[in-house]
Amino acid sequence: MVKIDPKTLNTYAENTWCPGCGNFGILTAAKNAIARLVEEGYPLNKFTLVSGIGCHAKIYDYLNINGFYSIHGRVLPTAIGIKLSNPDLIVIGFGGDGDTYAEGTAHFIHAARYNADITMVVHNNQVFALTTGQATPTSERGYRGKSTPDGKWDEPMNPILLALTAGATFVARAYAYDVKRLTDIIVEAVKHRGFSFVDVIQPCVTFHNVAPYVKERMYYLDEAGHDPSDFEAALRRAREWNYNLDPDAKIPMGIFYKVEKQTMEEGYDRKVPYYRVERNVDWRKVIAEKRVV
Amino acid sequence: MRRSVLIGGQAGQGVAKAAEVLGKILVRLGYYVFNYRDYPSLIRGGHNFNVVTFSRQRVFSHDERNYEVIVALDQRTVETHRDEASDKTAFIVPSSVKAPNTMSIDVASAFKQGIPPIAMNVILLGALARYLGVPKQVAKSVVKRELKGDFNLKAFEYGYENGENGKRKVGKVPKKGLYFLTGNEAIGLGAIASGIDMYIAYPMTPATPVLHFLAAHKDKYNYTVLQMENEIAVINAALGASYAGAMTMVGTSGGGFALMAEAMSLQGMSEVPLVVYLAQRTGPSTGVPTYTAQADLLFALHVGHGEFPRVVVAPGDPAEAFRYTIEAFYLAYRYRVLSIILGDKHLGESHFTMEEGEFTPTVKPERFLVFPEGDYKSYEITDDGVSPRSVPGAISSPVRATSYEHDEYGITTEEPEMITKMMEKRLRKADTLEEAVLELEPLTVYGDPAAERVIVSWGSTKGAILDALAKLPDWKFVKINYLKPFPRSLFLNEVEEAKRVVIVETSSTGQIGKVISMETGFITEDKVLRYDARPFTPEYILRRLRW
Ligand SMILES: Cc1ncc(C[n+]2csc(CCOP(=O)(O)OP(=O)(O)O)c2C)c(N)n1
Ligand code: SF4
Ligand SMILES: [Mg+2]
């Protein structure tokens with residue numbers, strides 16, 4: 001058994017998140033989860049993260065594992081490409097809500113369908129933070145940012161509901177400041193064989209601090225007797241909160257739904273990492289396909 | 001002697017297949033054949049035609065008029081091409097079609113004998129083979145191989161028996177080592193010969209045939225073909241796949257290429273190797289989707305924000321398409337750069353006859369990976385600007401790729417010193433790449449090297465220019481194979497003493513002229529351009545050169 005101190009997962013990069021930012025909770029939980037998984041036998045050097053662009057994405061600089069700091073909105077296709085190229089890798093995406101639900105919405109829906117064995121952690125602060133506080137698809141109706149001085153007029157998107165209807169095989173919500181529970185959920189998500197989606201409510205202390213609102217209204221699904229194999233129940237629970245900040249909302253946390261399905265790697269019959277495949281193709285034989293005389 | 005046959009009909013009538021089979025029959029008889037395919041963007045109806053041009057000498061282009069035979073599967077073919085016919089043109093048609101100089105085949109009786117109407121193309125092919133004097137056994141063996149179903153053989157036989165002899169017999173000259181293929185097939189085979197692991201694409205004419213071709217061959221050569229939700233997904237997945245160690249290529253046309261632009265720049269920063277096939281079609285925008293153009297040259301050369309090295313290579317025929325695809329893989333993986341193979345509809349979807357000796361790959365693509373035991377720097381600063389590449393999970397150290405400016409370990413930086421070092425590392429890599437490309441064949445001269453009249457062109461115009469050059473003894477043709485890195489001094493050597501330098505390009509502005517002046521300072525305003533979405537023919541070039 002390999003035991004690692006989560007601190008060895010630190011890098012020398014200077015952390016530039018605002019003090020108190022929910023991202024710290026996610027970083028700590030990610031390190032704890034990786035340490036625990038390594039103890040259980042997952043090889044450390046197979047962990048590969050993919051991040052988008054935004055405050056959340058700086059996690060790439062703060063985690064001392066393989067990483068691809070991709071571009072805004074493109075975490076999922078990048079992660080899928082990595083997984084199909086080398087199915088041995090344990091691929092974890094870290095995206096923002098702007099990243100995943102605005103710029104990359106199409107990828108999100110299709111990733112749920114493809115069911116590649118990857119994990120997607122969304123740092124959902126309901127705001128474009130790094131660009132200084134504009135509304136995202138998950139911002140509540142009425143949110144006043146610099147681009148919506150009169151308040152956002154449109155209804156928020158419910159990513160849990162979207163993921164469920166798009167066919168995701170593991171759908172969960174977590175709270176960034178509950179590091180213990182978040183750690184457990186990330187561990188579960190990584191272990192799940194298929195596309196695991198975790199929407200993490202991540203208070204942004206500077207532009208969208210929902211901590212007081214969420215803390216009062218959240219509850220854990222497993223404590224409420226929810227059966228994560230029951231799709232209809234998952235849909236009902238998902239509808240309990242629509243991401244508006246209504247005073248009487250209840251916010252379920254934990255695993256909404258979990259099911260086993262064929263993975264994308266199985267669909268494409270991918271087993272051996274391509275980098276280990278020795279091809280030695282003879283170009284003369286290849287071009288001979290088109291020889292007539 | 002150059003001879004041409006036009007075969008036309010509605011989409012769905014099997015015009016293209018009949019022309020391809022005719023081409024293969026003629027190659028079997030030792031002919032050089034060029035098969036041009038012209039089709040609008042629809043699935044049924046409309047008007048499709050192919051022109052099959054053949055000769056005992058090399059031929060790389062088609063004709064636009066004076067066909068020896070027009071095979072018309074429908075009346076519209078006759079009406080559309082009547083003006084292109086000469087007095088001598090013979091028309092081979094089914095009984096329902098009216099035309100001058102007609103050899104009419106009673107297809108209705110064939111259908112009564114149980115030959116299905118979809119085989120009308122093969123019936124007329126049989127009649128055409130008879131007219132051209134093709135030995136029946138040779139033709140039948142090709143038909144048997146190329147067209148599944150016994151009824152096709154029966155249809156061919158019926159057409160042959162009910163046809164008439166023409167004046168000239170094609171005869172047979174024993175030849176060995178002839179290949180008949182399209183540019184797209186050659187690019188697919190080049191990718192396979194390069195050891196491709198993953199081809200990722202979203203359908204878009206005229207790149208789609210590569211997707212189909214590679215999908216059809218994937219089990220034989222054990223690689224993955226993946227169609228994703230859009231081109232943005234395609235290219236980002238490709239970068240992910242390549243980062244993790246797969247030899248990866250994507251293919252698209254202008255619109256999809258535009259969607260990929262942001263990630264091409266990510267290639268530049270992350271230095272994750274990538275090969276992109278850009279099959280040009282007529283723009284702007286959706287334009288004329290199934291027709292040809294060379295108007296994305298400047299786009300390919302400049303795609304992606306910021307400054308980073310890249311390869312843009314333009315094949316002119318399938319032998320080059322095969323070779324340059326292999327070189328594109330080699331350069332991308334050896335130097336961690338973006339390689340763009342710049343083709344178009346005309347190269348991609350026309351069949352060319354190539355000789356064995358023309359397939360001349362000079363390099364062997366590899367993954368070019370290192371597996372250090374201890375510390376590893378994903379972006380190590382080196383003299384040649386190329387950082388040794390490893391892949392995640394293969395070594396104990398983390399392997400990183402990033403869109404941000406970074407230090408040697410791939411950690412984000414905003415420090416001016418480190419930014420300068422990394423910019424200069426990539427600049428040195430551009431120099432290293434340029435030297436490597438000079439070792440290949442970035443420019444080719446055809447015709448008399450001392451000629452003072454020069455045609456300058458690139459890509460798929462090669463065929464029509466070469467065929468025109470046979471009639472231009474005091475001209476030479478300077479073909480630029482690598483548009484980036486541009487062979488500056490090689491080019492200047494060829495034009496400095498010239499009396500006339502004419503640009504030939506399938507575009508309305510002559511983009512290669514701009515590229516040349518930008519790269520070398522040499523300016524010419526002498527241009528032969530074509531922008532009716534059709535490819536050049538030799539006759540068109542000759543006419544325009546002697547205006
Ligand atoms: C294509 C593109 N558009 C816009 C941006 C600018 N941009 C950088 S971060 C960001 C918002 C990020 O929001 P989110 O994904 O929610 O991350 P957060 O900062 O909230 O963690 C945007 C729009 C970009 N980098 N790329
Ligand atoms: S702006 Fe918000 S999300 Fe970004 S670091 Fe600060 S608190 Fe965190
Ligand atoms: Mg956000």
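A, B, ... follow the sequence lines: proteins, then strands. Residue 1 opens every chain. Both backbone and side-chain heavy atoms feed into the values below; hydrogens, waters and symmetry mates do not.
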Cut-off 3.5 Å, side chains only: do T48(A) and Y243(B) have a donor facing an acceptor? no
May I ask you to decide if the ring planes of Y12(A) and Y409(B) are parallel, tilted or perpendicular, using 30° and 60° as cut-offs? perpendicular
Pick one: which of N236(B), I235(B), L239(B) meets side-chain contact (heavy atoms from CB on, under 4.5 Å) with T78(A)? N236(B)
At what distance, to the nearest 0.5 angstrom, does CD1 of I395(B) lie from CG of N66(A)? 8.0 Å
In terms of heavy-atom pairs under 4.5 Å with chain B, which of G104(A), S51(A), P77(A) leads? P77(A)
Please report the C-alpha distance between Y404(B) and D61(A) in whole Å, then the side-chain angles of each, then the deciding distance to 0.1 Å, and finally whether the side chain to side chain contact (heavy atoms under 4.5 Å, CB included) criterion is met. CA-CA 11 Å; Y404(B) 269 88; D61(A) 281 323; over 6 Å; no
To the nearest 0.5 Å, how far apart are CD1 in I287(A) and CD in E358(B)? 11.0 Å
Donor-acceptor pair, S403(B) side chain versus I71(A) backbone, under 3.5 Å? no
Which bit of V391(B) is near chain A, if near means a heavy-atom gap under 4.5 Å: side chain, backbone, both or neither? side chain
Chain A shares the most heavy-atom pairs under 4.5 Å, among G190(B), A394(B), S194(B), G30(B), with A394(B)
Within residues 360-368 of chain B, which residues come under 4.5 Å of chain A, heavy atom to heavy atom? P361(B), K364(B), R367(B)
So R279(A) and Y223(B), side chain to side chain contact (heavy atoms under 4.5 Å, CB included) or not? Walk me through it. CA-CA 10 Å; R279(A) 295 191 176 274; Y223(B) 54 82; 4.1 Å; yes
As an exercise, state the distance from OG of S242(B) to OH of Y274(A), rounded to the nearest 0.5 Å. 13.5 Å
Would you compute the distance between atom CD of E289(A) and atom CZ of F213(B) and round it to the nearest 0.5 angstrom? 6.0 Å
Could you look at A233(B) and say if it's the side chain, the backbone, both or neither that has a heavy atom under 4.5 Å from chain A? both
Against chain B, label V277(A) side chain, backbone, both or neither, depending on which of its atoms sit under 4.5 Å from a heavy atom there. both
Counting only non-hydrogen atoms closer than 4.5 Å, does L369(B) touch chain A with its backbone (N, CA, C, O), its side chain (CB onward), both, or neither? side chain
Contact part of F322(B) toward chain A, heavy-atom cut-off under 4.5 Å: side chain, backbone, both or neither? side chain
Residue, of S265(B), G195(B), P318(B), that accumulates the most heavy atom pairs under 4.5 Å with chain A: G195(B)
Count the heavy-atom pairs under 4.5 Å between each of L49(A), I109(A), V293(A), V281(A) and chain B, then report the option with the highest count. V293(A)
May I ask you to check whether over 12 heavy atoms, not counting those of Y202(B), lie within 6.0 Å of atom OH? no
When V142(B), T224(B), N230(B), L181(B) are compared by non-hydrogen pairs under 4.5 Å with chain A, the top option: T224(B)
In terms of heavy-atom pairs under 4.5 Å, which option from N86(A), N280(A), L84(A) contacts chain B the most? L84(A)
Tell me, for I25(B) versus chain A, whether the close heavy atoms (under 4.5 Å) come from the side chain, the backbone, both or neither. neither
Bottom line for D88(A): the part with an atom under 4.5 Å from chain B's heavy atoms is neither
Answer with side chain, backbone, both or neither: which region of L76(A) has an atom nearer than 4.5 Å to a non-hydrogen atom of chain B? neither
Please look at I65(A) and chain B and tell me whether the side chain, the backbone, both or neither of the residue comes under 4.5 angstrom of a heavy atom of that chain. backbone
Examine whether an atom of L266(B) lies under 4.5 Å from a heavy atom of chain A, and if so say whether it belongs to the side chain, the backbone or both; otherwise answer neither. side chain
By a 4.5 Å heavy-atom criterion (distance strictly below it), what part of F371(B) contacts chain A: side chain, backbone, both, or neither? side chain
Any chance you could measure W283(A), atom CH2, to I192(B), atom CD1, to the nearest 0.5 Å? 15.0 Å
Please determine, among H406(B), E262(B), H217(B), the option with the most heavy-atom pairs under 4.5 Å with chain A. E262(B)
When heavy-atom pairs shorter than 4.5 Å are enumerated against chain A, which of A193(B), A244(B), G245(B), A401(B) gives the highest number? A401(B)
Turns out that what part of H107(A) lies under 4.5 Å from chain B's heavy atoms comes down to both
Pick one of side chain, backbone, both or neither for Y114(A), based on which atoms fall under 4.5 Å of a heavy atom in chain B. side chain
What is the distance from atom NZ of K285(A) to atom CG of L189(B), rounded to the nearest 0.5 Å? 15.0 Å
Could you walk me through whether E229(B) and R113(A) satisfy the side chain to side chain contact (heavy atoms under 4.5 Å, CB included) test, starting with their C-alpha distance in whole Å, then the side-chain angles of each, then the deciding distance to 0.1 Å, before giving a yes or no? CA-CA 11 Å; E229(B) 63 270 19; R113(A) 228 164 42 78; 5.6 Å; no
In terms of heavy-atom pairs under 4.5 Å, which option from L226(B), V272(B), I200(B) contacts chain A the most? L226(B)
